[in-house]
Amino acid sequence: MCIFVDENTRTVVQGITGNVGEVQTKLMLEYGSKIVAGVTPGKGGMAVHSVPVYDNVKEAVAEHAADASILFVPPLFAKDAVIEAIDSDIKLLVVITEHIPIHDTMYMREYSRCAGARMIGPTTPGIICPGKTKIGITPANVFLEGNVGIISRSGTLLYEIAGNLSLAEIGQSSCLGIGADPVIGTDMKEILELFEKDEQTKLVVIVGEIGGVQEEEAAKFIKHEMSKPVIAYVAGKVAPREKKMGHAGAIILGEKGTAKSKMDVLIKAGVEIANKPSEIAKIARIHL
Amino acid sequence: MRLFEYEAKEIFKKFGIPVPKGLVVRSAKEAASAAKQIRLPVAVKAQILVGGRGNAGGIKFTSDLDEVIAETKKLINRRIKGRKVKMVLIEEKLDIQNEYYMGVTIDQLSGKPILMFSTEGGVDVETIAKKKPEMLISKKISVSRGFFQFEARDMCMQLGLKGSTLLKVGSILHKLYEVFIGYDAMIAEINPLIITSNGEPYAVDAKLEVDDNALFRQPNLELNLSTRYEDKIKIEAIKHGLSYVRLDGDIGVIGSGAGLTMATIDLITDFGGKPANFLETGGGITEELMTKAVELVLKDRRLKGLLINLYGGINPMPSAAKGIVKAYEKLKPKIPVLVKLVGNQQEEAWNILGNYAIPIAKKIQTEKAVEKLMNLLGG
């Protein structure tokens, strides 16, 4: 099974006519994802890689029975686009956009939860179920179908870790980036719950980094409710305090959020820690 | 982006939060005339963008004009907690009956603003939370519903405030939330909010940090980068939208994606090297941006080697390769440079780099690239 999506997910691309939206639409289509429509206000009637473009989400949903949306809209318009999609009955939103103001994200998180919609991100690489489908910007070639679920706060580090596993011929079930901002739509812990229930997934890898409370909350769930083995890698061991390390959420404040404190909490919850990306495959092999 | 105390106070004042009379000065001479204008006694306060300056000698109270001059001289250009003092705030000293704490920040777990109020101000909020948790009232706010005056009063009533103090402090707590929302803040804090013997509240200290991603819609903020950062490379990086952090070592690092770049500096350290910096490009690489990134990092004279670690997901690798080549041609670096580049369009990018004999690591494992660079450095 895939987490949140499958081969039948019908996806709208918001911001399909931009450079990134266009290129990524092509890559998703090549992977076999059902991209049924695009939305760019003012460009209705166009087509991008044979995908019809609409002026709003409502029309795209009415014509194509879409149930998911991937967003490549600029940060200034992201909140508007997310609310529009939710009000058009989209149930899954994958927000790729980086640099969205955090006050907008707080609103988007609250609104999506009240409406019963699922928001992934912002600043996420999206979701890939190797061999089946992808709703995101993850490259295709580093992933391999298999039994390991990956949850990552970072995009490029997800590719590195998945690539390392694939080279060791350890495939993946679903790989998700939860997004690198301090406030996100779906938490690491919520995805762990789904991996715990997923039959295809035999083991879960957490790719964490400094800052925030995602790993700590995940640890609580793992300790009390997770039966499957979990391996974690946490980036930012040598990051200095009080400095934002690229991601808006990657900052050590006071004594909180260091790589060491996260690893300690995870170890106490029974998680095995990989000190280098290559160690993940070695530990995984013992369990599979 | 954190604001200086005096900048935060100007904003608080605009929202109707009372602040002491104060003037910002850059010299002892200006300090003397400011102190005369405000009237002694005054507080002489170093303006730096880091907390805990009081204990580090950054704040002095005095009723002697000569001492105002001497203290300002002592503070200007001195380093406090690693930051060079360029400005000093001369401020009216008020008599203090009570010290309260109030703050708004973002609760990452719930994704909501969280308001906090305590009648035990003057120490940091973590200390209040640890030592007297019953004296710290907090409330998470729904951003779509907002925060109302009566709720602010309710929070104050829980700690026993009454009469005109209840009304005044409740109103300030509500205004602080308005500042937080109006300025796209990550944190807005008054510590302490003092009550004078006449029963008047004043924000004696002010902290305001604005979300970097929202600066574009905060036109009232005049942000002079050179007063905020000392490192010229950092200032240039911010101007180009690059994320740069200076570190203590001698191996330059450029990466695409914060997680990958963090993992790279960790691995360099694991292999016995010392990273000189963290530079992350984000997902908007162009040829020009990549050239700029390489130029910036190579400006650092401490460098003995440079590792560029790029992944072609959303970023176009051929453009990145062209940008690296351009910087390489212009600066002709004498130190070893290694480019690890994989992902979409990797072959095209490798050809571009290969034509200029720039060493490339073609495997996905960053560990292998770090090992290769360490070998190039002879270590």
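Note that the structure is predicted; figures quoted are calculated from it, not measured. In what follows, chains are A, B, ... by sequence order, proteins preceding strands, each numbered from 1.
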Candidate polar pairs, chain B side and chain A side, donor-acceptor under 3.5 Å:
residue, atom, partner, partner atom, Å
B/Leu109, O, A/Arg109, NH2, 3.2
B/Ser110, O, A/Arg109, NE, 3.1
B/Lys112, NZ, A/Glu110, OE1, 3.2
B/Ser142, OG, A/Glu110, OE2, 2.5
B/Val143, N, A/Glu110, OE1, 3.0
B/Ser144, N, A/Glu110, OE2, 3.2
B/Ser144, OG, A/Glu110, OE2, 2.4
B/Ala185, N, A/His103, NE2, 3.3
B/Ala185, O, A/His103, NE2, 2.7
B/Asp211, OD2, A/Ile102, N, 2.7
B/Asp212, OD2, A/Lys244, NZ, 2.9
B/Asn213, OD1, A/His99, ND1, 3.1
B/Arg217, NH1, A/Asp104, OD1, 3.3
B/Arg217, NH1, A/Asp104, OD2, 3.2
B/Arg217, NH2, A/Asp104, OD1, 3.0
B/Ser243, OG, A/Gly246, N, 3.2
B/Ser256, O, A/Thr156, OG1, 3.0
B/Asp266, OD1, A/Lys237, N, 2.9
B/Asp266, OD1, A/Val238, N, 3.0
B/Asp266, OD2, A/Gly236, N, 2.7
B/Asp266, OD2, A/Lys237, N, 3.0
B/Asp270, OD1, A/Lys237, NZ, 3.2
B/Asp270, OD2, A/Lys237, NZ, 3.2
B/Gly283, N, A/Glu98, OE2, 3.1
B/Gly313, O, A/Gln24, NE2, 3.4
B/Lys340, NZ, A/Glu160, OE1, 2.9
B/Thr366, N, A/Glu160, OE2, 2.7
B/Thr366, OG1, A/Glu160, OE1, 2.6
B/Thr366, OG1, A/Glu160, OE2, 3.0
B/Glu367, OE1, A/Ser278, OG, 2.6
B/Glu367, OE2, A/Ser278, N, 2.8
B/Glu367, OE2, A/Ser278, OG, 3.3

Check: Looking only at heavy atoms, which two atoms of A/Gly236 and B/Met262 are closest? And how far apart?
Finding: CA-SD, 3.7 Å
Check: Does any heavy atom of chain B fall under 4.5 Å from the side chain of A/Val234, the backbone, both, or neither of them?
Finding: backbone
Next item on the list: Return the option, out of B/Val50, B/Leu260, B/Ile106, with the maximum number of heavy-atom pairs under 4.5 Å with chain A.
Entry: B/Leu260
Check: Which heavy-atom pair separates B/Ala263 from A/Leu157 by the least distance, and what is that distance?
Finding: CB-CD1, 3.7 Å
Check: For B/Leu267, is it the side chain, the backbone, both or neither that has a heavy atom under 4.5 Å from a heavy atom of chain A?
Finding: side chain
Check: Given a strict heavy-atom distance threshold of 4.5 Å, which part of B/Pro113 is in contact with chain A: side chain, backbone, both, or neither?
Finding: both
Check: What part of A/Ile96 is in contact with chain B, defined as an atom under 4.5 angstrom from a non-hydrogen atom: side chain, backbone, both or neither?
Finding: side chain
Notebook entry, point to check: Does a side-chain heavy-atom distance below 4.5 Å link A/Pro101 with B/Phe216?
Noted result: yes
Checklist line | Region of B/Ile181 that comes under 4.5 Å of a non-hydrogen atom in chain A | finding: both
Checklist line | Atom group of A/Val213 that falls short of 4.5 Å from chain B, counting heavy atoms | finding: both
Item checked: Top of B/Leu109, B/Ile268, B/Val245, B/Leu279 for chain A proximity - count of heavy-atom pairs under 4.5 angstrom -> B/Leu109
Next item on the list: Give, as side chain, backbone, both or neither, the part of A/Ile161 having an atom under 4.5 angstrom from any heavy atom of chain B.
Entry: neither
Notebook entry, point to check: Between A/Pro139 and B/Gly313, which heavy-atom pair has the shortest distance, and what is it?
Noted result: CD-CA, 4.3 Å
Check: Out of B/Ala185, B/Gly51, B/Gly284, which one racks up the most heavy-atom pairs below 4.5 Å with chain A?
Finding: B/Ala185
Next item on the list: Against chain B, label A/Ala250 side chain, backbone, both or neither, depending on which of its atoms sit under 4.5 Å from a heavy atom there.
Entry: side chain
Check: Measuring heavy-atom distances to chain A, does B/Ile265 have an atom under 4.5 Å in its side chain, in its backbone, in both, or in neither?
Finding: both
Check: Where on A/Ile184 is there a heavy atom nearer than 4.5 Å to chain B: the side chain, the backbone, both, or neither?
Finding: neither
Item checked: Residue A/Pro75 versus chain B: region with a heavy atom under 4.5 Å -> neither
Next item on the list: Sort out for me which of A/Leu27, A/Leu76, A/Ile210 touches chain B most, counting heavy-atom pairs under 4.5 Å.
Entry: A/Leu76
